[in-house]
Structure formats: structure tokens, C-alpha cells
**Student:** 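Here's a structure for you.
Not measured: the values here are computed from a predicted model. What you see below is based on every heavy atom in this structure, not just the backbone, and it leaves out hydrogens, waters and symmetry mates. For ligands, and for the atoms within them, numbers begin at 1 and follow the listed sequence.
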Amino acid sequence: MRIKQLKLSGFKSFANKTVINFDENFIGVVGPNGSGKSNVIDAIRWVFGEKSNKSLRGNSSSDVIFGGTEKRKKQNIAEVTIVLDNTDRHLELEFDEVAFTRRLYRSGKSEYLINGVEARYKDIQELILDKGIGKNAFSIISQGKIEEIITTSPENRRLIVEEVAGILKYKKRKESALNKLSKTEDNLEQVSLILNEIEERRIPLERQAQIAEKFLVYKEQLETKEVELLATRIKKSEEEYHGLKVITDNAKLELIKLETTETNLELDEEELKAKINEQSVKLNQLNIQVNDCLQKLSSKRTDLKVLKERQALLSERDGREFELDNNITRLREELHAVKQEYTQLESYMKLAATKEQEYQDGLTKLRSELGTVRIRENDIKSELNKVTIPFATRKLLEANLSGVHGTVSDNFKVDLKYTEAISTIIGGRMYDVITDDRNSATKAINYLKKNRFGRQTLLPRDAMRPMKIDDATKAKLQNAKGFVGIGIDLVRFEQVNQNVFSNLLGNVIVCSTLEEAKQIASNVTNRFRIVTLEGDLIQTSGAMSGGRSKRQSKLVLESNLAKVKNERIKLDAKFETLNEKHEQARQEYVSRKTEYQLSKSLLDRLESDINLNKMELQELGVDQTTDSGSNELEVAIHELEAKADSLNVTRTKLELEKNKNSERAEEVFSQLRSLREEIREINSGHSNDNVRLERLAISLKTDTAVLREDYNMSTAMAIEKANDDINIDEYATEVKSLKSKIRNLGPVNTLAIAEYKELTERFEFIDTQREDLVVAKNKLEDIIRKLDEFFITAFDKTYSKLRVEFQHVYKELFGGGHADLILTNEDDLLLSGVEIVAQPPGKKLQTISLLSGGEKALTAIALLFAILRIRSLPFAILDEVEAALDEANVKRYAQYIKVFSERTQFIVITHRQGTMEMVDALYGVTMQEKGVSTTVKVSLKEGASYA
Ligand code: ATP
């Protein structure tokens with residue numbers, strides 16, 4: 001590449017448009033002092049973008065615009081265009097010719113053009129950098145520059161080596177990378193600060209958010225669990241409550257019935273007591289009457305005796321006669337007394353006999369009843385013996401496998417009154433065997449198969465589907481006539497078997513009679529099976545079955561047996577008591593009879609004694625006629641005796657009646673006692689139920705309140721969530737533990753979740769940015785490191801070459817001596833400066849500043865030539881660099897240039913003859929008009945011509 005043309009207009013002293021064609025490779029520029037030669041070099045420097053006013057020898061940028069002369073006005077625009085031959089594509093542009101133009105207006109406006117197209121300063125710098133054109137390129141050496149090369153700092157001198165090495169472009173890149181790096185680091189710091197700030201807020205929020213999240217989870221679990229628990233408990237409590245209510249109501253009715261009987265019996269007792277009292281009074285009266293009668297009799301007898309004595313005295317009858325009479329009278333008195341006793345004894349004996357007979361009859365009746373009951377008991381026993389457990393069932397139960405829990409019938413209890421109904425429903429499934437779960441059932445089946453024991457149905461507790469009657473139907477049933485209960489509520493079993501019995505009996509309605517069953521069936525639209533207490537059944541299909549099956553079920557038989565046994569035991573006890581009473585009555589009768597017989601024989605003896613006395617009296621021939629007085633007395637005595645007898649009979653009868661009433665009263669009292677015992681039993685038996693009922697009511701009230709207050713839910717709403725499969729105790733424990741977990745969480749800030757999330761998203765977003773920045777930073781650092789490596793290698797290589805060439809050229813130029821380029825810091829090739837040392841021939845190596853002007857210039861020229869030896873510059877412009885040289889050195893200098901001019905275009909400003917003699921062409925700069933430069937080409941052969 002070379003300079004083809006320079007066009008100047010309004011630039012410094014070149015007021016007119018001036019075009020200089022540089023057609024040759026070694027061009028000299030000559031002219032008088034101050035004619036404007038150096039302005040040409042300034043123009044070249046300026047057009048390539050020089051900005052230093054000092055370099056351009058001015059004070060301000062506008063100093064380059066033509067300032068006017070005495071005759072001419074100053075101009076407003078300075079413009080320079082340099083046209084370069086680029087056929088070798090030294091500049092990276094696809095043009096054979098490249099023209100750079102720079103314009104400056106007085107206004108300060110500045111313009112750059114490349115081939116007439118507007119460009120930026122930067123575009124031009126990038127194009128020429130490392131192309132041997134730029135300001136560090138050592139290709140334009142003005143007058144003061146020689147001194148500067150020698151005296152400048154080693155660090156500045158280093159730039160020359162870098163330019164030669166072609167690394168300035170990369171230095172720019174590094175600079176830009178460093179800028180970017182610093183910006184990136186700034187950004188990184190800012191981003192890190194923001195991240196720290198966020199993190200400071202995020203850490204406490206994270207804990208709060210975790211707590212809040214836990215809280216929400218627990219709360220949701222609690223809500224589901226507690227509602228389910230409450231609903232299930234309410235449902236179960238209600239069911240149990242209604243079931244228990246039926247039982248307690250029945251018990252109450254039973255109590256009322258018993259209490260009515262009690263009242264009636266009490267009335268009977270009262271009545272009997274009144275009767276007994278009345279009879280006692282009557283008996284007392286009778287006793288008084290009898291005594292009165294006996295007293296009268298006794299006085300009459302005394303009267304008669306006195307009369308007889310007087311008669312005897314009067315008639316002086318035979319003493320014997322008197323004696324006999326006395327005997328008869330005494331015997332008669334005795335007879336009468338004995339007779340009275342006899343009558344009483346007779347009635348006592350009869351009473352005892354009647355009593356004994358009554359007890360005897362009772363015993364006979366009881367005996368026959370007992371016989372019947374015993375026959376029934378034996379019948380049931382033999383019937384029960386016939387009902388055998390199926391072979392497979394028996395074998396399975398004998399095997400005692402784990403998880404196998406006996407037959408259905410082994411696993412529940414039922415009250416006698418429900419037996420028929422329940423056994424009708426369970427029926428053939430009575431011998432199904434209950435197991436823990438499906439696994440146990442499978443094991444049982446495998447056992448039966450293996451041993452060929454036959455078929456068996458198994459009911460795994462965990463697999464049995466619970467059946468139930470919906471609440472609406474249940475509510476309807478409560479009021480239905482004859483409704484007794486739901487099958488499952490009428491049996492007792494262990495909780496573990498809930499599923500099994502719920503499956504068997506959960507959806508069965510039990511009612512009293514078939515008529516009522518039909519009515520209920522139509523009320524529940526035949527959705528459930530209905531069974532009566534007698535075992536009649538209405539299927540959901542509508543089919544009905546009833547009547548007594550020929551062979552009763554084991555369950556019925558067992559309960560019948562218990563019933564009959566109970567009856568027999570009662571009868572046995574009754575028989576025992578009656579037997580004892582009978583024995584007492586019999587003994588009394590025997591003793592009464594003995595007493596009676598003794599009295600009878602005494603009576604007989606007395607009567608015969610009287611007769612004997614009477615007979616003797618007759619034999620004596622005594623006149624029996626007595627006076628009327630004694631006869632009257634005797635009649636009266638007879639009458640009184642008869643009255644006493646009759647009173648005695650009445651009294652005995654009354655006594656008998658009174659005794660009977662006493663016995664009856666005793667019986668009533670004993671009935672009352674056992675009735676009261678029964679009432680007490682029922683009362684104590686059902687007081688537990690009542691306590692339970694009260695507890696259920698309280699539990700229902702509490703649960704309903706919690707539902708309403710905590711969940712704003714009505715019982716009806718909640719009941720749909722009831723789940724019969726849950727274990728209420730377990731659920732209650734879980735609910736309790738969830739509540740305590742929530743309590744233990746302490747204060748909860750649910751807003752923290754969203755805040756934490758937002759902050760985390762922001763954190764992550766910014767962190768991604770930070771990561772991007774880190775990646776960018778690493779990349780930049782990598783680029784810088786690589787660039788540095790490249791710098792070091794390129795610098796080292798160029799420096800080494802340049803050093804050798806410099807030593808060589810110096811020796812040649814000085815005809816001996818020694819010079820060198822020395823690194824100020826060999827350890828840091830990136831920053832090390834470059835020092836020049838020179839030792840002209842025959843002199844001691846000395847400080848460069850002490851060299852003479854010519855020596856300094858020659859040393860600098862040697863450096864320029866050394867550069868040209870290792871790298872061809874496109875052109876070099878030298879402004880009187882040889883001024884201080886002696887003639888011989890000028891010659892050598894010019895010859896060197898001549899040699900280099902084959903590869904490099906030289907434009908040299910000179911006053912020296914030696915140089916002028918070597919150039920290919922010579923341009924003269926003159927000021928024909930004062931202050932305005934013009935150029936003229938001086939043909940070396942043909943003479944001067946004006947450009
Ligand atoms: P020497 O041989 O002494 O180095 P020279 O030929 O190199 O001289 P220059 O330094 O190129 O001369 O030119 C300097 C001349 O240019 C001065 O006369 C100066 O007045 C003139 N000059 C510089 N700037 C301007 C300007 N802006 N307007 C008009 N003239 C200017």
C-alpha cells in the first residue's frame with residue numbers, strides 16, 4: 001500500500017485547494033523555512049485522525065483551519081483527503097483505492113469520510129490500527145519526534161514494539177474486555193447486594209412459610225378428620241341412643257306393669273289385713289259370749305246343786321242315791337268340759353286335714369307340671385343333639401388356625417324374645433366361620449382343601465361389606481307400628497365383628513307381627529328384609545315365608561332349653577317349699593288327731609260312767625220325779641250348754657277363716673316381696689342404660705355444637721360424611737394430636753407463603769442473572785487471559801527480532817559501536833518498558849541523554865530502519881530527521897532509505913543535499929503569496945513544474 005494523492009483545502013497555510021500526487025516511492029519535499037512543508041505532514045497525520053493539538057503544533061483544534069493573511073480572509077472549513085493505493089488489500093476493504101477525508105468546521109463540527117461515505121472516527125482507527133499507519137506506528141516522524149523517541153519513557157517506547165508486533169488492535173479488545181469486565185463486576189456486586197437483601201428477608205420468611213404450610217396441611221387434615229369423626233360419632237350416638245331408648249322405654253313399660261301389679265297386691269294385702277282385724281274383733285266378742293255363757297252355766301249348776309242338796313236333805317233319801325246323783329252331775333260337768341275340748345280338737349284336726357289336703361293337691365299339681373317340663377327339657381336336649389355342626393366346620397374349628405374365630409353362632413348373644421327372628425335371618429349362615437381377614441380365610445380354605453374336609457363359607461372381618469338402613473328410613477321406622485328394631489341392634493357381639501354382623505343384620509327390620517310387617521314392607525317400598533318375632537319373613541323380592549320349620553335351629557333350641565331349664569328350676573324350688581309345708585301340716589294333723597282321739601276316748605268313758613250311774617240309780621228304784629225347780633234349772637243348763645256349743649262352732653269356723661286369710665296375706669306378702677325384688681332388678685339393670693343415654697345426649701350436644709361453631713355445619717350436612725368403617729377412638733386420638741400439633745406451631749402467618757414464594761421467585765430470577773453475569777465474567781477473564789498470553793508471545797517474539805536488527809543496523813549506521821533494547825522488567829512481559837542503550841564506536845556505554853543531537857538522531861533512525869527490516873511499513877514520512885547528521889551519515893541514511901523504498905514509500909522533508917540527491921522526485925513548497933502555501937513538482941530531469 002502507498003499514498004497516491006493528498007488533497008488539501010483550507011488546511012493551515014494551504015488556503016487554496018491543493019492536490020499533491022505521490023507517484024514515486026522516494027519523495028523529497030523541499031522549500032524555504034516556514035513555507036508550509038511540515039503542514040503537509042500535519043495534514044497526513046490529521047486526516048488519519050490525530051487529535052492531539054500539541055502534535056499538530058496548535059493550541060486548539062480549529063487552529064488547523066486556514067486563519068487568513070493580511071490579504072486573505074480566514075476560512076471556515078479545513079479539509080484533507082488522502083488517497084491510498086489498496087490493490088494489495090493492506091487495508092481490509094474491497095477497494096483498490098481508499099480515500100480518507102476529514103473535515104472540520106469552525107463551528108466545531110467534524111466529519112470523516114471513507115471513499116466519500118460518512119464514517120466514524122472509530123471506523124478509521126479500526127481500519128488503520130496495526131497497519132503501520134497509526135500514531136504509534138513510527139511511520140510519521142516529525143522534527144521533535146527524534147528527540148522524543150530517545151527521551152520518552154520505556155513504557156511509551158514499548159508501544160512502538162507493540163505496534164510492530166501488531167497487537168494494538170488486540171489491546172483495544174482487551175481494553176474493551178476490561179471495561180466490560182469491570183462493568184460486569186459492578187453489576188455482579190449490585191446483584192449480589194440485592195440478593196443479600198432478599199436473602200435477609202427470605203430466611204425468616206422461609207421459617208414462617210414452612211410453619212404456615214404445615215398449618216394449612218394440618219388444618220385440612222383436621223377438618224376432614226374431625227368432621228368425619230363428629231359425623232360418624234353423631235350418627236353412631238344417635239343410632240345407639242334410639243336403640244337404647246327403645247330398650248329403656250320397654251323397661252319403663254315393664255316397670256309400669258309390675259308396679260300396677262304391686263299396687264293391686266298391696267290393695268289385696270290391705271283388704272286381707274282389714275278382714276283379719278275384723279275377724280279378730282268378732283272372735284273376741286265370741287270369746288266374751290262364750291265366757292258369759294259358761295259363767296251363767298256355772299251359776300245355774302251351782303243353783304241346781306244347792307237345790308238338789310236341799311231336796312236330799314228334805315227327802316232324806318238313800319245316801320247312795322244322793323251319791324249317784326252327785327256322780328252324775330259331776331260326770332256331766334266333766335263330760336261337758338271334755339265335749340267342748342273335743343269339739344275344738346275335732347275342728348283343729350279337720351283344719352289340719354284340710355290344710356294337709358290342700359298342700360297334697362298342690363304337690364300333685366306341681367309334680368305333674370314338673371313331669372311335663374322335664375319331658376320338654378329332655379325333648380329339647382335330644383333335639384339339640386340331633387342338630388350337629390357340619391363336618392367341615394367342626395374340622396376347621398378343631399384345627400385352631402390363627403385368625404379363625406369360630407362360627408357366626410359362637411360370636412353373638414341374643415335375648416330370648418328375638419331369637420326366632422334373628423335365627424330366621426341368619427339361617428344357614430349360622431355355621432359360617434369368621435376370620436380376621438382375607439389371608440386367614442385363604443389359609444383356612446387351603447387347610448380344608450388339603451385335608452379334603454369339604455366346603456366352608458368364611459367371613460373375613462376386613463372384607464365383609466357393612467349393610468345399613470339409611471337414616472331417613474330409620475326415622476320413619478321409629479314411628480311405625482310394631483317396629484321392634486334393626487336386626488344388628490338386637491344382638492350383642494364384640495366390636496371387631498361389626499362388619500360381619502352389619503353385613504348379616506344391618507339391613508334387616510324386625511317387627512312384632514306379620515300384619516305389621518306387611519305394612520312396614522310397603523312403607524319402605526320393599527327395600528329391606530323384614531322379619532317378625534315369630535320368624536315370618538318378607539323378602540325384598542316380596543316373597544314371604546313363615547310357619548315353624550320342622551327342625552328348629554340350634555339357636556332357638558338352645559334358648560328354648562334355657563327357658564325350660566329355668567322353668568324347671570323354679571318349679572323344683574316351689575315343690576321343695578310346698579313339700580316342707582305339707583310335711584309340717586301332716587305332722588300337725590297327726591298330733592291333732594292323737595289329741596282328738598284321746599279326747600274322744602275320755603268322752604266315751606265319761607258317757608259310759610254316767611250311764612252306769614244312771615242305771616244303778618234306776619236299779620235302786622228311786623223316784624225320778626223331781627220338782628219343777630230342778631227341772632227348769634236343768635232345762636236352762638241344757639239350753640246354755642247348747643248355746644255354748646253353737647258359739648264354739650261359730651268361733652272355730654271364724655278362727656279357720658281368719659287363719660286362711662292370714663295365710664293368704666302371707667302369700668300376697670311373699671308375692672309382693674319377689675315383685676319388689678324384680679322391680680329393683682329392672683331399675684338397677686336399666687339405670688346403667690339411663691346413664692349411658694344421658695352420656696350419649698351430652699356427647700351429641702357437644703359434637704353438634706363443635707360442628708356448628710367450628711365448621712358452620714348442620715348435623716344433616718355433616719351426617720353425609722359419616723363413615724362406619726372408621727375407628728372412632730383412633731380418629732379421636734388423631735384429631736387430638738392434630739390439634740396439639742397446630743397449637744405447637746405457635747402464631748401462624750399464612751401470608752408468609754405467598755410472600756416467601758414471590759421473594760423466592762424474585763431471588764431465583766435475580767440469581768439467574770447473577771449466574772449469567774458470572775458466566776460472562778469468566779468468559780471475559782478467559783478472553784483477557786488468552787489475550788495476555790498472546791500479547792506476551794507476540795511481544796516477546798517481536799522484541800527479540802527487533803533487538804537483533806537494532807543492534808545490527810546501529811553497527812552499520814555508526815560503522816561500529818553497540819546498541820541494545822533492554823526490557824525494564826523481564827519478568828513481566830505484559831507491562832515491561834523498553835529501554836534503549838547505545839554506545840557509539842570508541843565510546844563508553846553511556847546514558848542515552850548524554851548523546852549528541854546527531855548521535856541521538858542516528859540512534860532513532862537505526863531503530864526505524866530495524867523496524868523496517870522486520871516489518872515493511874506501507875509508508876514512512878520523515879520531517880528533517882537527518883538535519884543534525886554530518887554529510888557522511890546523511891549519505892548512509894539516504895542510501896538506506898533508497899534500499900527500503902522498494903517496499904516502503906518514503907516522503908521526506910529535507911534541506912540536505914545528500915538526501916535530495918537520492919530521491920525519485922522532489923516537491924517544492926513555496927509561498928508565492930505571503931502566508932499561502934503552494935506546491936511545485938521539481939522534475940529531476942525536466943526541471944520544476946507547479947502542482
Ligand atoms: P521550516 O523549514 O522552517 O521547518 P516549514 O516549511 O516546515 O519551515 P511550516 O512549519 O510547515 O514551514 O509552516 C509554518 C507556516 O505555516 C507559518 O508561516 C505559519 O504562519 C503558517 N500557518 C500555520 N498555521 C496556519 C493557519 N492556520 N493559517 C495560515 N497560516 C498558517
Side-chain angles (χ1 to χ4, degrees), residues 3 6-20 22 27-48 50-82 102-110 140-148 853-854 857 860 876-885 890 893-894 906-916 919 921-938 944 946-947:
I3 300 170
L6 187 67
K7 294 187 234 173
L8 307 100
S9 169
F11 184 85
K12 285 200 171 177
S13 56
F14 289 90
N16 300 323
K17 188 174 179 183
T18 310
V19 178
I20 310 170
F22 295 107
I27 293 162
V29 178
V30 294
N33 289 134
S35 61
K37 301 184 293 291
S38 295
N39 288 347
V40 175
I41 295 178
D42 289 343
I44 294 171
R45 219 185 239 134
W46 187 73
V47 81
F48 282 128
E50 178 63 67
K51 284 193 162 170
S52 156
N53 294 325
K54 202 180 147 209
S55 292
L56 294 167
R57 299 178 300 147
N59 291 321
S60 74
S61 58
S62 64
D63 282 352
V64 299
I65 306 170
F66 176 68
T69 62
E70 283 171 2
K71 290 182 181 165
R72 284 204 193 212
K73 281 205 282 177
K74 65 175 182 184
Q75 290 185 359
N76 288 325
I77 308 168
E79 180 178 323
V80 175
T81 299
I82 190 162
R102 184 175 178 182
R103 281 190 203 127
L104 182 72
Y105 298 81
R106 260 196 209 282
S107 62
K109 190 186 162 200
S110 160
I140 302 173
I141 305 173
S142 50
Q143 281 174 8
K145 193 79 183 272
I146 284 290
E147 179 79 13
E148 198 190 311
I877 296 159
L878 312 171
D879 189 354
E880 292 186 62
V881 296
E882 81 283 40
L885 303 188
V890 169
Y893 155 79
F906 282 89
I907 297 168
V908 298
I909 294 168
T910 187
H911 285 288
R912 301 296 294 269
Q913 192 61 35
T915 308
M916 283 186 237
V919 299
L922 209 56
Y923 283 86
V925 180
T926 59
M927 279 186 173
Q928 286 172 334
E929 181 189 333
K930 206 173 170 219
V932 178
S933 300
T934 47
T935 58
V936 60
K937 189 175 183 182
V938 183
Y946 289 98

**Student:** Can you report which non-hydrogen protein atom sits closest to atom 31 (C) of ligand 1, along with the distance?
**Tutor:** Ser13 N, 3.9 Å
**Student:** May I ask you to list the atoms of ligand 1 that are less than 4.0 angstrom from any heavy atom of Gly67?
**Tutor:** 26 (C), 27 (N), 28 (N), 29 (C)
**Student:** Just how far is it from atom CD of Gln75 to atom CD1 of Ile65, taken to the nearest 0.5 Å?
**Tutor:** 9.5 Å
**Student:** Please report which non-hydrogen protein atom sits nearest to atom 29 (C) of ligand 1, along with the residue it belongs to and the distance in Å to one decimal place.
**Tutor:** Phe66 CD1, 3.6 Å
**Student:** Exactly one of Ile141, Ile140, Ile907, Ile909 should register a side-chain contact (heavy atoms from CB on, under 4.5 Å) with Leu878. Which one does?
**Tutor:** Ile141
**Student:** Taking atom 9 (P) of ligand 1 as the point of reference, which of Pro32, Gly10, Gly36, Ala43 owns the nearest heavy atom?
**Tutor:** Gly36
**Student:** Using modelled atom types only, decide if a donor and an acceptor are shared between the side chain of Arg57 and the backbone of Asp42 within a distance under 3.5 Å.
**Tutor:** no
**Student:** Could you tell me if Thr926 and Thr934 have a donor-acceptor pair between their side chains, going purely by distance under 3.5 Å?
**Tutor:** yes
**Student:** Measure Ile909 to ligand 1 on non-hydrogen atoms and call it side chain, backbone, both or neither using the 4.0 Å cut-off.
**Tutor:** neither
**Student:** Considering only protein heavy atoms, which is closest to atom 18 (O) of ligand 1, and at what distance to one decimal place?
**Tutor:** Gly34 O, 3.5 Å
**Student:** Within ligand 1, which atoms have a heavy atom of Ser35 less than 4.0 Å away?
**Tutor:** 5 (P), 6 (O), 12 (O)
**Student:** Out of Ile41, Val64, Asn39, which one pairs with Trp46 under the side-chain contact (heavy atoms from CB on, under 4.5 Å) rule?
**Tutor:** Val64
**Student:** Nearest 0.5 Å please: distance from the CD1 atom of Ile44 over to the CD atom of Glu50.
**Tutor:** 13.0 Å
**Student:** Quick test: of every protein heavy atom, which one is nearest to atom 10 (O) of ligand 1, and how far off is it to 0.1 Å?
**Tutor:** Arg57 NH1, 3.0 Å
**Student:** Donor-acceptor pair, distance only, cut-off 3.5 Å: does the side chain of Arg912 make one with the backbone of Glu882?
**Tutor:** yes
**Student:** What atoms in ligand 1 come closer than 4.0 Å to a heavy atom of Ile65?
**Tutor:** 27 (N)
**Student:** Give the atoms of ligand 1, by number and element, whose distance to some non-hydrogen atom of Glu880 is under 4.0 Å.
**Tutor:** 2 (O), 4 (O)
**Student:** Just need the protein heavy atom nearest to atom 7 (O) of ligand 1, so name the residue and atom and give the distance.
**Tutor:** Ser38 OG, 3.0 Å
**Student:** Using modelled atom types and a 3.5 Å cut-off, is there a donor and acceptor pairing between side-chain atoms of Ser35 and backbone atoms of Val925?
**Tutor:** yes
**Student:** What protein heavy atom sits nearest atom 23 (C) of ligand 1, and how far off is it?
**Tutor:** Asn39 ND2, 4.1 Å
**Student:** Identify the closest protein heavy atom to atom 4 (O) of ligand 1: which residue and atom is it, and at what distance?
**Tutor:** Gln143 NE2, 3.5 Å
**Student:** Could you tell me which atoms of ligand 1, counted from 1 in the order shown, lie closer than 4.0 angstrom to a heavy atom of Asp63?
**Tutor:** 27 (N)
**Student:** Of Lys12, Lys37, Lys74, which has the heavy atom at the shortest distance from atom 6 (O) of ligand 1?
**Tutor:** Lys37
**Student:** Do me a favour and list the nearest non-hydrogen protein atom to atom 1 (P) of ligand 1 with residue, atom name and distance?
**Tutor:** Asn33 ND2, 3.3 Å
**Student:** Atom CZ of Phe66 and atom CZ of Arg72: how far apart are they, to the nearest 0.5 Å?
**Tutor:** 6.0 Å
**Student:** With a 3.5 Å distance limit and no angle check, can you tell me whether Lys37 reaches the backbone of Gly31 through a side-chain donor-acceptor pair?
**Tutor:** yes
